[in-house]
**Student:** 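Structure below; questions to follow.
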Amino acid sequence: MGEEGKKIALMARKFEQLHPGVAVETQAIPWEAAHAKLLTSVVGGIPPDVSQLGTTWMAEFAAMRALEPLDAHAQRSSVAKPAAFFDGSLRTCRVDGILYGLPWYVDTRVLFYRKDLLAEVGFKEPPKTWEELKVAGRRLAERKNPDGKKSFGVALGTRSWTELLLFVWQNGGDPLRPSAMEFFDAMRFYISLFREGITPTKEAADLNKLHAFKTGFFPMFVSGPWEVELLRKELPELEGRWGIGLLPGKKSRTSFVGGCNLVVFRDSRKKELAWEFLEFMSEPQNQIEWLQLTNDLPSVKAAWEHAYFADKPLLKVFGRQMYDTASPPTIPEWEQIASLTENAMEKIILDEHITDNGVMEQLLTLEASILKLRSENSARPGTWRAFLLFIAALVALGGGFWMLRSFPRLKITGDKTKAPALSWQEFRRKDLFGLLFILPALLLLVVFLFLPIAVSFVMSLTDLNIFSINQWSRIQFVGWQNYLRILQDPLFWKSLWNTLYFAGVGVPLTIAVSLLAAVALNQKMVRAKALFRVSLFAPVVTTVVAVAVVWQWLYNPEYGAFNWFLQTLGFKKLYWLADPRTSLPSLILLAVWKNFGYNMVIFLAGLQTIPETQYEAAKIDGANAWQCFRYITVPGLAPTMIFVVILTTIGYLQFFAEPYVMTKGGPLNSTMSIVLHMYNQGFRFFNLGYASAISYTLFGLIFLFTYFQMRLKRSGFEAN
């Protein structure tokens, strides 16, 4: 996956040389698609023999019974014994006490700091305790940057579970017990860094970390080994002025352990060879060779004694930190728990008036949600018989309906009911050959459209999740419970409001801007019309990711063009994407700019169907430009307007890309849309039954809007 996927073939060729007659086929896939592709291969029964697997994915695939237990292999091995690896990284490979993989490479988090700036405030060494971190951070925050901008002490996230858990682990806390005093005290300290101005909240939104480190806006931040080469490459002018150190701590200096593991799949037909490849990649010399190829840090302790590290003091810091690391609990529900934790973090940190009692209330609510989640998502025996009976009843109902629609209606004459005789010759002559001609297209529609629609509806009546996705016998048939759950889901109602707000404001704005642009381009006095059309249409065909990168810089609170313009006019700067009050309007503004060009082209086509003689006659009668627009252009565009309104409304009710790329639904779920909520439930948390129910609810919403818009058309709006 990622860069590893591009270079693993080099190690595979070396393995082939050591094993004559063995061929290793490698496949590189991007990280963004890796999870879905592996899941598909497991469900399809064609997984790879060996695969790289993210540390937080282990529990999910183990719950699917997709991974081969490796305890017996590891105990017999002379190279890959459990004692050969760092304890923290090895824990990521165990699920319910069973070893399902071997650590391949590791990363951990350390403190990056500006040596020169810390020295200015009296620290020759990086802070080693929480108290020192706060003192150093406060002194750094009180200084002014050379560019006149305010500075802070350390960069931490308002919505980053990995950074919060560093403090929880260092205080002896448990991520699954937020109401315990160890977690509570860690949260209080974390909050204090924001309250005392040591760490920014809204000011850090969309800020480039490297630029902030260079200017001193962030003199300290927590990150992993990839930052070392990045800083050397991007900020050569800071060479010798920055360093890294172990994390400051309290009861311990524990850090997060990440990286990737290597696993063998249960359905592999070459398990022994697959295990030999895992052993091969665990040999210290091969780990060093892999480090030289990819900069991935070794997971084997013996590899850190290699001469390669003799002149690399920065990398040695990561090796020392690896002896004190922790990882999230290896449970399938962790992604959902992490999301709940981030939601609670954000509520607590952004509420400037919250008290200790309020913090505890939020943590108690979080713990209750965790307990409920774990009890609901636990593996249970499936009700597959009821599930099959329901499918059979559904098929019978559909077949009966089709038969009723297919047979000729009864003719009623007087008191007698007569059914016309069916003529096979007439059917063959009129219908059979026509059906044969459309059969290929019909089969494509059935396989790729109607069947998936039917299956997704059936899924919405089950609790299909990570436990049953690969074991159909575990499926629970729950009927309408998912739809009832939607009514009780506050996040759904929040996402529904956001979606309606986005469409209610965005659709009229988009149509107004596109109509005005079309009218302007349709004027005879405008020259270079083709150039303007292409320029205004260009955002439509530009990818959302590219647009998001540009607009994030425009929205940047410190260096963005929008705030520069506001401050030039004497207004206060806005935290566009970091403030719940402005985040959704900011996405609407982006969506209007990106999408109006499509409607503009449609309106241009509609304008060209209006006879020019109508405008000439109106001008002879003394009509001005507004009257021509009001009484000729608008009525003439009525059919086009209905089409554009329906199309734009459907598109805006399905808005997903903007919040997914730019805000992830935050802050405080202010940009969470129905489709993003559905995506999270289906593809992050694997509550596929509930996600299907959300999708059908959205379908019903779009159907109602389209129905009423079509009724408006039929009522005479178009003619009027």
Side-chain angles (χ1 to χ4, degrees), residues 3-4 7-8 10-15 17-18 50 52 55 70-71 73-94 99 101-112 125-126 128 169 222-232 242-249 252-263 275-327:
E3 290 300 314
E4 289 79 18
K7 297 178 180 179
I8 188 61
L10 299 175
M11 301 301 293
R13 301 293 81 80
K14 182 178 178 181
F15 181 80
Q17 292 172 4
L18 297 174
V50 176
Q52 174 184 2
T55 56
L70 300 177
D71 287 286
H73 293 280
Q75 292 300 331
R76 293 195 304 266
S77 175
S78 60
V79 176
K81 286 185 178 296
F85 302 93
F86 290 106
D87 291 340
S89 60
L90 191 66
R91 281 195 294 270
T92 67
C93 298
R94 292 194 181 277
L99 186 70
L102 293 181
W104 181 18
Y105 64 86
V106 297
D107 70 60
T108 187
R109 307 297 186 265
V110 296
L111 184 69
F112 287 75
E125 298 289 335
K128 297 179 175 59
W169 286 322
V222 176
S223 192
W226 58 87
E227 296 284 2
V228 175
E229 289 303 318
L230 196 60
L231 285 170
R232 285 173 174 166
W242 62 273
I244 61 176
L246 302 182
L247 290 182
S252 68
R253 303 181 72 174
T254 307
S255 183
F256 171 81
V257 60
C260 264
N261 303 325
L262 288 176
V263 298
W275 169 253
E276 289 184 31
F277 187 81
L278 265 63
E279 285 187 307
F280 168 77
M281 294 302 295
S282 300
E283 293 177 5
Q285 183 58 43
N286 289 335
Q287 291 243 310
I288 294 298
E289 187 173 338
W290 184 248
L291 167 64
Q292 294 171 327
L293 286 172
T294 62
N295 293 320
D296 289 336
L297 298 181
S299 61
V300 176
K301 289 183 284 188
W304 288 86
E305 300 171 4
H306 195 274
Y308 176 84
F309 293 99
D311 59 345
K312 295 176 176 58
L314 294 181
L315 290 184
K316 284 184 176 180
V317 176
F318 290 97
R320 294 200 303 272
Q321 184 69 75
M322 278 301 304
Y323 283 94
D324 190 359
T325 57
S327 60

**Student:** Return yes if some donor-acceptor pair links the side-chain N/O of Asp107 with the main-chain N/O of Pro225 below 3.5 Å, else return no.
**Tutor:**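 Side chain of Asp107 to backbone of Pro225, a donor-acceptor pair under 3.5 Å: no, none is there.
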**Student:** Strictly distance-based, threshold 3.5 Å: is any side-chain N or O of Lys81 a donor or acceptor partner for the main-chain N or O of Gln75?
**Tutor:**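 Yes: the side chain of Lys81 pairs with the backbone of Gln75.
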**Student:** Take Val263 and Leu70, measure what side chain to side chain contact (heavy atoms under 4.5 Å, CB included) needs, and give me the verdict at the end.
**Tutor:** CA-CA 9 Å; Val263 298; Leu70 300 177; 6.0 Å; no
**Student:** Is any side-chain heavy atom of Met281 closer than 4.5 Å to a side-chain heavy atom of Val79?
**Tutor:**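 When only atoms from C-beta onward are counted, Val79 and Met281 do not touch, as no gap falls below 4.5 Å.
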**Student:** Measure up the Trp275 and His73 rings against each other and bin them: parallel (under 30°), tilted (30 to 60°), perpendicular (over 60°).
**Tutor:**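 Tilted, since the angle between the ring planes falls between 30° and 60°.
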**Student:** Side chain to side chain donor-acceptor pair (under 3.5 Å), that's the test. Do Thr108 and Ser255 meet it? Break it down for me.
**Tutor:** CA-CA 6 Å; Thr108 187; Ser255 183; 3.1 Å; yes
**Student:** In the structure I gave you, are the side-chain heavy atoms of Phe318 and Val110 within less than 4.5 Å of one another anywhere?
**Tutor:**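 They are in side-chain contact.
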**Student:** Show, in sequence, the C-alpha distance, side-chain angles and deciding distance for Glu276 and Leu18, and conclude whether the side chain to side chain contact (heavy atoms under 4.5 Å, CB included) test is met.
**Tutor:** CA-CA 11 Å; Glu276 289 184 31; Leu18 297 174; over 6 Å; no
**Student:** Just how far is it from atom CH2 of Trp226 to atom OG1 of Thr294, taken to the nearest 0.5 Å?
**Tutor:**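 One finds 13.5 Å between CH2 of Trp226 and OG1 of Thr294.
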**Student:** Are Trp169 and Leu247 packed together at the side-chain level, in the sense that at least one heavy-atom pair is separated by less than 4.5 angstrom?
**Tutor:**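 Answer no - side chains too far apart.
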**Student:** Only pairs at least two apart or in different chains count here, so list each side chain to side chain donor-acceptor pair (under 3.5 Å) that has a residue in residues 315-324.
**Tutor:**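 Those involving residues 315-324 are Thr254-Asp324.
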**Student:** Determine yes or no for a side-chain-to-main-chain donor-acceptor pair under 3.5 angstrom, with Trp290 supplying the side chain and Pro298 the backbone.
**Tutor:**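 The answer is no, because no donor-acceptor pair under 3.5 Å joins these two groups.
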**Student:** Between atom CG of Leu246 and atom NZ of Lys128, what is the distance when rounded to the nearest 0.5 Å?
**Tutor:**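 Going from CG on Leu246 over to NZ on Lys128, the span is 9.0 Å.
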**Student:** Counting C-beta onward and ignoring hydrogens, is there a side-chain heavy-atom pair between Val222 and Phe256 closer than 4.5 Å?
**Tutor:**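 They are not in side-chain contact.
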**Student:** Should Pro126 and Pro248 count as side-chain neighbours, where that means a heavy-atom distance under 4.5 Å?
**Tutor:**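 No. Closest side-chain heavy atoms not under 4.5 Å.
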**Student:** If I take atom CG from residue Leu262 and atom CD1 from residue Ile8, how far apart are they, to the nearest 0.5 angstrom?
**Tutor:**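 Separation between the atoms: 7.0 Å.
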**Student:** Answer whether the closest heavy-atom distance between the side chains of Tyr105 and Leu291 falls below 4.5 Å.
**Tutor:**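 No. Closest side-chain heavy atoms not under 4.5 Å.
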**Student:** Which residue pairs satisfy the salt bridge (charged side-chain N to carboxylate O under 4.0 Å, His left out) criterion with at least one member in residues 282-303, sequence neighbours excluded?
**Tutor:**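 Listed by first then second residue: Lys14-Glu289.
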**Student:** Indicate yes or no for a side-chain donor-acceptor contact from Lys7 to the backbone of Leu293 under 3.5 Å, with no hydrogens or angles considered.
**Tutor:**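 Yes, because the side chain of Lys7 sits within donor-acceptor range (under 3.5 Å) of the backbone of Leu293.
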**Student:** Between CG of Asp87 and OG1 of Thr92, what distance do you get to the nearest 0.5 Å?
**Tutor:**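 Nearest 0.5 Å value for the CG-OG1 distance: 11.5 Å.
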**Student:** Distance check, rounded to the nearest 0.5 Å: Asn261 atom CG versus Ser89 atom OG?
**Tutor:**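 The distance works out to 7.5 Å.
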**Student:** Is a side-chain N or O of Lys312 found less than 3.5 angstrom from the main chain of Tyr308, in a donor-acceptor match?
**Tutor:**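 Yes, because the side chain of Lys312 sits within donor-acceptor range (under 3.5 Å) of the backbone of Tyr308.
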**Student:** Evaluate the ring planes of Phe15 and Phe280, with Trp represented by its six-membered ring, and classify them as parallel (under 30°), tilted (30 to 60°) or perpendicular (over 60°).
**Tutor:**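 Taking Phe280 first and then Phe15, their aromatic rings stand perpendicular (interplane angle over 60°).
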**Student:** For residues Gln287 and Pro103, report the shortest heavy-atom separation together with the two atoms involved.
**Tutor:**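 Heavy atoms of Gln287 and Pro103 come nearest at NE2-O, 4.5 Å.
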**Student:** Quick check: does any side chain N or O of Ser299 sit under 3.5 Å from a backbone N or O of Val106, one acting as donor and the other as acceptor?
**Tutor:**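 Pair absent, no side-chain N/O of Ser299 close to backbone of Val106.
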**Student:** Please check: side-chain N/O of Gln52 versus main-chain N/O of Cys260, any donor-acceptor pairing under 3.5 Å?
**Tutor:**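 Looks like no, no N/O pair under 3.5 Å.
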**Student:** Determine, stepwise, if the pair Phe85 / Val300 fulfils side chain to side chain contact (heavy atoms under 4.5 Å, CB included).
**Tutor:** CA-CA 5 Å; Phe85 302 93; Val300 176; 3.7 Å; yes
**Student:** Where the side chain of Arg91 meets the backbone of Thr325, is there a donor-acceptor pair that is under 3.5 Å apart?
**Tutor:**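 Between the backbone of Thr325 and the side chain of Arg91 there is a qualifying donor-acceptor contact (under 3.5 Å).
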**Student:** Enter the distance from Arg109:CZ to Leu111:CG here, rounded to the nearest 0.5 Å.
**Tutor:**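 Answer for the CZ-CG pair, Arg109 versus Leu111, is 13.5 Å.
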